[in-house]
Amino acid sequence: MEQRLTDLTEHIENVIQKYLRDDYATIDDYNRVAGEIAEPYRYLIVADFPSNFSEDAAARLASIIDAGSRCGVFVVMLVDPGAKLPPGIDLRELRARAVVIEGGSHDRFRLADQAMRGFTFEPDAPPSETQILELLRQVGEEAQSAGRVEVSYSVVAPLPEQLWSRSCAEELRVPIGRAGATKAQELRLGRGTSQHALIAGKTGSGKSTLLHVLTTAALLWHAPSEVEFYLVDFKKGVEFKPYASGDLPHIRAVAIESDREFGLSVLQKLDVELRRRGDLFRERGLQSIAQFRERFPAEAMPRSILIIDEFQEFFVEDDRIAQDASLLLDRLVRQGRAFGIHVLLASQTLSGAYTLARSTVGQMAVRIAMKCSETDSYLILSEDNGAARLLTRPGEAIYNDANGLVEGNNPFQVAWLSDDDRHEILQRVASLSSKHRVQFEEPVFFEGNADADLPRNRQLRRAAAERARPIAPIAWLGEPVSIKEPTGAVMRRRGGANLLIVGQRSETAAAMLASSVISLAAQHESEGPRAPRFLVVEGTPEDDPLSGRLHETLAPLPHDVRAISWRDAPVAVAEAHRELTARERANRTDGPAVYVILHGLHWLRSLRRRDDDLSFSFGKEETGPAPDQQLKQVLIDGPRLGIFVLAWCDTTSSLTRAMDRAAIAEFGNRVLMQMSANDSSMLIESTSAARLGLHRAIFFDEERGAEEKFRPYGFPSASQVRQLVEP
């Protein structure tokens, strides 16, 4: 009870200080101007006063009665006049401030007002249970719509003539909603201690909408030379996916359902930028981005905004990633202010063991609290500021740029932005970029809940467009879980340069083999003496849904790509072996590349190693080595002569049945999907593959002794294949 009275008292103080001030006499005057963000009226119902009322509770009640009506808080009390009142409460004063109804006998009542004293009235009969249920249903429906407040996005959007009109040389100002009846609430970063922001709001509070409003409004008000964004989302959703279209010049990196490793690489990239700017400023004798913009206006130096949603995911494990993330975030927060690098961290809750160091949080002066628990209210604001616990509706928030102190509270309502409106805004920004012919690099994009997209491989597109013909082409496999070059196996002409994929996800394995062939083809001529050969053996059984998928995907390639059934696997191996023998005899190491693709070693029984060595039979000279021996020789001697094997096997046990250890050792490039720790250790001397999930794999390069976690490519469409190899 006392907590509810305290909440109402704080609400009244907040209305007086933030809404009424000297501008409005009562909440009625304010609401006539406020429109959609009008403040709702509140009613305090007190039964059987003063029973169970302490002295403090009674004092708060008196305060509410005294100041509440001006702020839209009204009290209805049932008072026992014969009971002892708490100290400080005078029943005569209460009667003087209220409309008093006195009870009489036989459920008859009368108004205490002198003019009405002679009249009595009888209350209506209470509603039936059925009527109560219907009333509650109607009230519930109305309450849902009444609790939804939508501030038009036009409040924060610039007029057409104001697009890209703001400069953030001195500070970044981005409107995000309405504060009070007529004012716009802005996020302001870059001046004084207001450099970084902490945002908290539980599910349904409107936190995602706030992040979208902030980002889109910044894109509309500021040119790409003024502001750039790094967007990282750790939660299970695709909130930031629309910003990864590649058409938005402000966007540098977008991560959806991000791995901790990728999030860390974003921090590392910004740390590199922080150091670059620091060195540049020292060379030129500058101390802030404002000085740089003033003295070198022709050089682009945008403010870098890092937004991490559910940032506490960095710290769910006490490992190297958590330690590095903590150090990098602390450095970005402490040093980024001078160089125009700002960090915005958002979360549903700040409580629990997994969170940022309090010393780092203390450096983040701007706090935006949305509807959250009482504990989180104190954590995001300050130990004596629980104002956020009073927030009730989606989009209602408190903006505080005083490190959470009570005097810094500024209530506001986040503007509403629908998905359709957001799509239209991003299209407008893309059109504006095209109109101004803005040159920019495609953003780094990571979508953790889906296969990687081969057409997004910039290195592959560039190789195809420039008709690059590298000495050692790369079989691209997927996108790394970090900001770096795509993951791929280099087909060097040296021993062990074969590729082995092991894992039970047959579609993922087939897609990786398809991506490898497509990327290798794009780096070779399709005709002429240097044109490669691809011998693609499809081991998938005919009754499998994936049967023929690999061949269909590779069909648009203009190269010599031969589709070979599982029955003719020995024929493909024999052809590669004959080519190997011919090149050895001619001592030729510069012949055109030959790639033998074995999709499903576990299905290709004709290539399986033989436990009984029959190669010493009388017909050895006429028949030559058995298929398994031919394959082994191609694995051992083929790469240095330009003949490579790319194979997939479902399990390590199947692999050891198909080949001996000496043959397996010739696969210097290995890809592991999820498997047991023992199997992982056998293949790469590490248990990393045991911790993989869906859409993840490990690439191991034996030559470098390095392993890399990545997201495998999915199957590209036929049109995408043609575009990649026929620019």
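Between K269 and E273 no salt bridge is recorded (no basic side-chain N to carboxylate O distance below 4.0 Å). Look at E226 and R293 and you find a salt bridge, because one of the NZ, NE, NH1 or NH2 atoms lies within 4.0 Å of a carboxylate O, short of that distance. One finds no salt bridge joining R252 and E442 here, because no Lys/Arg side-chain nitrogen approaches an Asp/Glu carboxylate oxygen to under 4.0 Å. Taking 4.0 Å as the cut-off between side-chain N and carboxylate O, R696 and D259 count as a salt-bridged pair. We find that R389 and D376 are not joined by a salt bridge, their nearest charged nitrogen and carboxylate oxygen being 4.0 Å or further apart. Ion pairing between a basic and an acidic side chain is recognised when a charged N comes within 4.0 Å of a carboxylate O; R334 and D330 show such pairing. Remark: K183 does not engage E186 in a salt bridge, criterion side-chain N to carboxylate O under 4.0 Å. Salt-bridge formation is not detected for the pair D451/R711: no Lys NZ or Arg NE/NH1/NH2 atom is positioned less than 4.0 Å from an Asp or Glu carboxylate oxygen. The residues R456 and E479 are annotated as not salt-bridged, no charged nitrogen and carboxylate oxygen being separated by less than 4.0 angstrom.
For the atom pair L345 CG and L198 CG, the distance stands at 6.0 Å (nearest 0.5 Å). To the nearest 0.5 Å, atom CD of residue E228 and atom CG of residue L248 are 13.5 Å apart. Rounded to the nearest 0.5 Å, atoms CG (L267) and CZ (F262) are 11.0 Å apart. Rounding to the nearest 0.5 angstrom, the gap separating the CG atom in L20 from the OH atom in Y30 is 8.5 Å. To the nearest 0.5 Å, atoms CD (E2) and CG (D7) are separated by 12.0 Å. The distance from atom OG1 of T360 to atom CG of L328, rounded to the nearest 0.5 Å, is 11.0 Å.
Note that R260 lies outside the cation-pi zone of F234, set by a 6.0 Å cut-off to the ring centre and a 45° limit from the axis.
With no hydrogens or angles considered, no side-chain donor-acceptor pair links N31 and Y19 at under 3.5 Å. For the 3.5 Å distance criterion, the side chains of S152 and S154 qualify, holding a donor opposite an acceptor. Remark: the N409 side chain and the N385 side chain contain an N/O donor-acceptor pair separated by less than 3.5 Å. Counted by atom type alone, S418 and Y153 present zero donor-acceptor pairs between their side chains at under 3.5 Å. Side-chain contact, Q17 with E13: no donor N or O sits under 3.5 Å from an acceptor N or O. In summary, the side chains of E261 and S482 do not present any donor paired with an acceptor at a separation below 3.5 Å, with no hydrogens or angles considered. No side-chain donor from either of Q363 and R337 sits under 3.5 Å from a side-chain acceptor of the other.
Here the side chains of F229 and L219 are in contact, with some heavy-atom distance below 4.5 Å. Side-chain contact between V73 and H11 is present, with heavy atoms from C-beta onward closer than 4.5 Å. When side chains are defined from C-beta on, I64 does not count as touching D66, because their heavy atoms never get closer than 4.5 Å. In this structure the side chain of R277 reaches within 4.5 angstrom of the side chain of M301, judged on heavy atoms.
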Working for side-chain contact (heavy atoms from CB on, under 4.5 Å), residues F314 and I308: CA-CA 10 Å; F314 268 131; I308 306 179; 3.8 Å; yes

From CA spacing to verdict: side-chain contact (heavy atoms from CB on, under 4.5 Å), Q162, L220: CA-CA 9 Å; Q162 295 175 315; L220 290 173; over 6 Å; no

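The environment of E129 atom CD is sparse: at most 12 non-hydrogen atoms of other residues, nucleotides or ligands sit within 6.0 angstrom. Counting non-hydrogen atoms of neighbouring residues, nucleotides and ligands closer than 6.0 angstrom, the CZ atom of R4 reaches no more than 12 such neighbours. Within a 6.0 Å radius of CD in E294, no more than 12 heavy atoms belonging to other residues, nucleotides or ligands are found. Remark: E441 CD is loosely packed, at most 12 non-hydrogen atoms of other residues, nucleotides or ligands lying under 6.0 Å away.
Between the side chain of Q131 and the backbone N or O of S128 there is at least one donor-acceptor pair closer than 3.5 Å. Remark: the backbone N or O of C168 is not paired with any side-chain donor or acceptor of E171 at under 3.5 angstrom.
Checked against L211 for a side chain to side chain contact (heavy atoms under 4.5 Å, CB included), the options D233, L344, D309 give a single hit: D309.
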